[in-house]
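Reading through the structure tokens given below for one structure.
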Amino acid sequence: KKFQWAKWCNTAYKLRLRIVDWPSETPAPGPGCNYKKWSDEQLQKTVRNYINHYWEGGEGPYPRIEPWPACKLLSTFV
């Protein structure tokens, strides 16, 4: 089943999720995000560490979805 990245913001808010270690050079999922228009560099930066972590046992940051701790929900925006 396909995930609708354009609706990520609503889904994340409802389920209190966040993306951690998303590359700053890559557009964040949400309205207007069109991953088909990403440059090779943006795609590599987003996927490289994820593949390294899961397939090669590498260490270091990689994009992942995790629960957003309740104590940080408001402090992030203040």
Indicate if [X] and [Y] have the same hydrophobic cluster label, given that clusters are the connected sets of ILVMFWY residues with side-chain heavy-atom separations under 4.5 angstrom.
X	Y	answer
Leu17	Tyr50	yes
Val20	Tyr13	no
Val47	Ile65	yes

Subject >> Pairwise distance CZ(Arg64) to OH(Tyr54) - rounded to 0.5 angstrom >> reply: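 These two atoms lie 8.0 Å from each other.
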Subject >> Within 6.0 angstrom of Tyr62 OH, more than 12 heavy atoms from elsewhere >> reply: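 Atom OH in Tyr62 is packed in, count exceeds 12.
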Original post:
Would you say Glu25 has more than 12 foreign heavy atoms packed within less than 6.0 Å of its CD?
Top reply: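 Check passes, neighbour count above 12.
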Original post:
Listed by chain and number, what are the side chain to side chain donor-acceptor pair (under 3.5 Å) partners of Arg48, not counting sequence neighbours?
Top reply: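 Testing Arg48 for side chain to side chain donor-acceptor pair (under 3.5 Å), a comparison that skips the adjacent residues, returns none.
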Subject >> Which residues share a side chain to side chain donor-acceptor pair (under 3.5 Å) with Asn52, sequence neighbours left out >> reply: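 Partners of Asn52 by the side chain to side chain donor-acceptor pair (under 3.5 Å) criterion come out as none, since no residue qualifies.
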For a quick test of your reading: what N or O donor-acceptor pairs under 3.5 Å do the side chains of residues 26-37 make, sequence neighbours left out?
from, atom 1, to, atom 2, distance (Å)
Thr26, OG1, Gln42, O, 3.3
Thr26, OG1, Thr46, OG1, 3.1
Asn34, OD1, Lys36, N, 3.1

Original post:
Does any non-hydrogen side-chain atom of Arg18 lie less than 4.5 Å from one of Pro69?
Top reply: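 They are in side-chain contact.
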